[in-house]
Structure formats: C-alpha cells, structure tokens
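Below: the structure, in structure tokens.
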Amino acid sequence: MKTFAKKLLYHPLFLVLLVLILWQAVYEFSGCSDLFFPNPKQVMLLLYNGFLKTYDLWFAIGISIKRLVIGYLLTLLIGIPLGMLCHTSEILRATLGKIAIGFQTLPSICWVPLTLLWFGQSDTAIIFVICMGSLWSLILGTMRSIQLVPHIYIRAAYTMGARGFTLWQTVIFPAALPYLVNVMKQSWAFAWRSLLSAEIYISTISGLGLGQLLHYGREMQSMDQVISIIIILIFLGLLIDRYIFLPIEKSIEKRWGK
Amino acid sequence: MDVKNGVKIIVEDVSKSFTTNGETRLALDHINFSINQGEFVAILGASGCGKSTLLNMIAGIETCENGRILINDSNLNQPERHRMMMFQESALFPWYSVIENVMYGLRFKRGLDPKTYREIALYYLATVGLKNYADHRVYQLSGGMKQRVALARALAPNPQILLMDEPFSALDASTCEQLYRDLQRIWNSKKKTVVWVTHNVREAIVLAQRILVFSPHPGRIIKEITVDLPLSRTIHDTSVSELHDKIIAILNKK
C-alpha cells in the first residue's frame, strides 16, 4: 500500500489531478464569468466534442503537424549540409557562420510581416516562418557538433585509409551524431514555436491549424477553446519527445554506453 | 646497417620546427636512421623530444620540413595501408561493435572480398585473445582490452609496418606486462616492422631489438642501443634492469 501511494505521488498524473481540483475550486469560489475563466467541465466537453463528435481538433492537429513536418524537414535538408559546409569551408564559416548568429537571435515572428507580403495567407508563408525560425540554430549547431568530434577518430580513420565521403560517412557523421541529435531536438523546438507564432498571426484559407484555433478562440471569447488548445499543445510536445526523440537518444546511448 | 637491401624505413636528415606565439622552436634536429624489415625499434625519449612528431611523419600525417623519409626506397607522401598506426588512446569507434572496429581498415584494402572481412577480423581478435568479445560494444571493454582491439584493428589489414605511439602508457602496470608478452609473441610470429615510441625505458628494453635514445629541445638521437637479450624477457629480469640503469645514466647526462 505504501509503495502504491508513493507511486501515485511520483506520477505526473497526480499533479494533473491536483491542478484540476485547484482549477475547479478557483472556479467555484472566485465567481468569475465563464467567458473569462472556464471550468474544467467546459474544457473537457469541448475536447470531447472536438475529438469524438466533429473531429475538428483532429483536423487542426493534422494541418499543424503537416506544416511543421514540411518546414522542419526542409530545415534539416538545408541546415545540416550548410552546417557541414560551414565546418569545411573557411570562407563560409567566416561569412555565413557569423551572420547565422545574428539570424538565430531574431525571433521568428519578425518574419511574419515580410512573409505575408511575399507569400500571402498561405501554407507556404507558415512553412517559411518555420524554416527561418529553426534553420540558423541548426546550421550553427551542426557546425559545432562536427567541431566536437575528437580529432583522434579522424586521425585513426585517416591512417587506415579513409578519405573524403567515406571518412564523413563512417567517422565524422556517426561521431557527431550524439551532439547532432541534441541540436536537431533544439531546432525542432524552434520550429514548433515558429509554427505557433506563424499560425496565430497568419490566417489561412487552406484550413485552420492549432495556432489559428487558439487565435479565434480569443476573438470569439471562447476561453474554453483557448485552454483546450493549450492542453493539446502540451500533450503533443510530450508525445513527440517521448516517441520520436527519446527512442533515438536511447539507441545512441545504448551503442555508446553513456 | 649500411646495406640498402631489405631496408624498410630510411629517415634522412629530417628536421622540423614549430612556431608557437611567434617563437620558433626546433623539434627535430637532423635525424638520421634506418630500420630494417621485420625489426622492432623503440624511439625513447622524454616528452618534447619530438618522438611523436617523427612517428606522425613516418605515418605520413605530418610533413618533413627538411630531409626526407623513404619507405621501400620510395618517397612517402600520405598514409598507406601498409603502415598502420596505434595511439595512446585506443581511438576505437564507439558507434561500431568490437568486430566492426577490427573490420574497419579492411574496406580500404583492394582485392579483398567483403565476405571474408568478418573471418579475418575474428582471426585477429583471436590473436589478441578477444574472440569472444566480437559483438560487444566498445564501452564494455576495459582499457587493456580496448588496446588489444586497437592492436587487432591495426594488424587486420596485414600491414608491413606498425607505428605505435605510446599505446600502453595509459594502462596499469600488470595489464602492461601482459600486453608485452602478447606483443612479443605476435611480433615473433608475424614479423612486422615495428616503430615503437615511448618514454618508458623498461618498456623499450623489453620490447625492442634496438633503441634510439632521443634528447629533448631539440630532438636529437644521442645514443643507439642494440638490445641483445632473449626474446621472452620481462621487466623484472636483472639484465633488463642493468640496461635500464645504463640508459637512465645516458638520459641524465644530457
């Protein structure tokens, strides 16, 4: 019984339960308007309807994830090779490598006005913002990951006869991978933030994503919708970390024995 | 010594200097020696005598400033598969298993069927006594085992020359003694040319047939010693101790 109580106490759901109770209590005793402060029941009902009756929320998740995946894959496709080039080419390191630091500090939301002019209210606009938000840290991170590769590995492979592409494929890339995965994870977090800022600011006709539902929730004074979306976003973040990044990190740890 | 026939490595008038903070220092000062095929030669000296630099130059990963190094009478330019190198750290690749590490050098050898890679690697793992560890991960091995695997990896492509840069210096004494015995056995059966860089006098005496004693700042050969002792010598032998004291005296005089 004692271990069960301990297990319960240490489980994250316990805290969720506590928050729900607190939330309900505040709702009961504060006397706030439903418009301003929804009760848990309203939010649950909205989630229930959205997921199981109208399926609206599934669609919104699908639309957002699609944008995110396209934007993030583009970032990987451009950022990793550019980061590698920045490592090998001195001129790129001195130019792009320096400029990238500036771009990295620029909040992705700053790209929204420009994007709207260039691409209008479209998916392309949102994908562009995602790329701009996540690309620079990936370039810099890739460069740094490769710099962190112990030189002895490269020397050993070189004396055994590895050159050029083979050296990259069999030594530099696998040696950099543990760092690179962290960099990719960080870049994913940037992409995720950029997606939401873009969706909140850019209304599209091609379908409403989670950020847009969040934005319209406020416009329609539907606080239950706003809170529902936030809950969904937190869950998605947890799920992606748990089922995409954690297994990758685990498999590397298993090989390297860290 | 002066017979050119069968001579594997010739180091001819080699010098090298390094510049740090605007100050140029001579690391190697007109070095001359040659090493015969199948010979085990130790380059002995304190840190700063340029011995690792010299080894890197023989390996072809550093260039000579002056003079030249001939291998089989041809000028050396870059690392080739008939010279393999071993380092102070094992430099095993943690993203590969033990056997994949040993197989690594084989892919660069021409005319070798990939189907035989595993077989060859297993043979050399057996040579260093680690056949049962083929599918282990690198982190599961002790320091001594890692260096054994590194030795198997260096031996696998069947190089003519082994270049060893203090490969046992990070290991404890008893592990070292074990490895000396194994190395004596392997060298005796495979007859490779070995250039062994070390600062450990006893190690040099136990392993090498000939010792080139270097002085530091700048690196110069101050003495060449032929070790005329039975092959299965250990660091505890009195004859080894006597020679040890003699070399120490030479090093201190400088």
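Every heavy atom of this structure was used, including side-chain atoms; hydrogens, water molecules and symmetry mates were not. Numbered from 1 within each chain, the chains take letters A, B, ... in sequence-line order.
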Counting only heavy atoms not in [X], do more than 12 fall under 6.0 Å of its [atom1]?
X        : atom1 : value
A:Leu9   : CG    : yes
A:Lys66  : NZ    : no
A:Phe51  : CZ    : yes
B:Tyr117 : OH    : yes
B:Lys191 : NZ    : yes
A:Phe245 : CZ    : yes
A:Phe59  : CZ    : no

(message) Quick check against the 3.5 Å criterion: does B:Trp95 have a side-chain atom that pairs as donor or acceptor with the backbone of A:Thr170?
(response)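 The answer is yes, because a donor-acceptor pair under 3.5 Å joins these two groups.
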
(request) Tell me, for B:Leu92 versus chain A, whether the close heavy atoms (under 4.5 Å) come from the side chain, the backbone, both or neither. (result)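 Interface part for B:Leu92: backbone (N, CA, C, O).
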
(message) Please report the interatomic distance CZ(A:Arg255) to OH(B:Tyr96), rounded to the nearest 0.5 Å.
(response)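 Result: 9.0 Å between the selected atoms.
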
For [X] against [Y], the heavy-atom pair lying closest together:
X        : Y        : answer
B:Arg137 : A:Lys254 : CG-O, 4.2 Å
B:Phe108 : A:Met160 : CD1-O, 3.3 Å
B:Tyr104 : A:Ala162 : OH-CB, 3.4 Å
A:Tyr158 : B:Ile61  : CD2-CG2, 3.5 Å

(request) Check the pair B:Gln88, A:Ile152 against side-chain contact (heavy atoms from CB on, under 4.5 Å), reporting the backbone distance first and the verdict last. (result) CA-CA 10 Å; B:Gln88 198 167 338; A:Ile152 187 103; over 6 Å; no

(message) Quick one, B:Phe93 and A:Tyr153 - any side-chain contact, counting heavy atoms below 4.5 Å?
(response)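 B:Phe93 reaches A:Tyr153 side chain to side chain.
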
(request) Give the member of B:Met85, B:Glu89, B:Arg153 that has the highest number of heavy-atom pairs under 4.5 Å with chain A. (result)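 Option with the greatest count: B:Arg153.
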
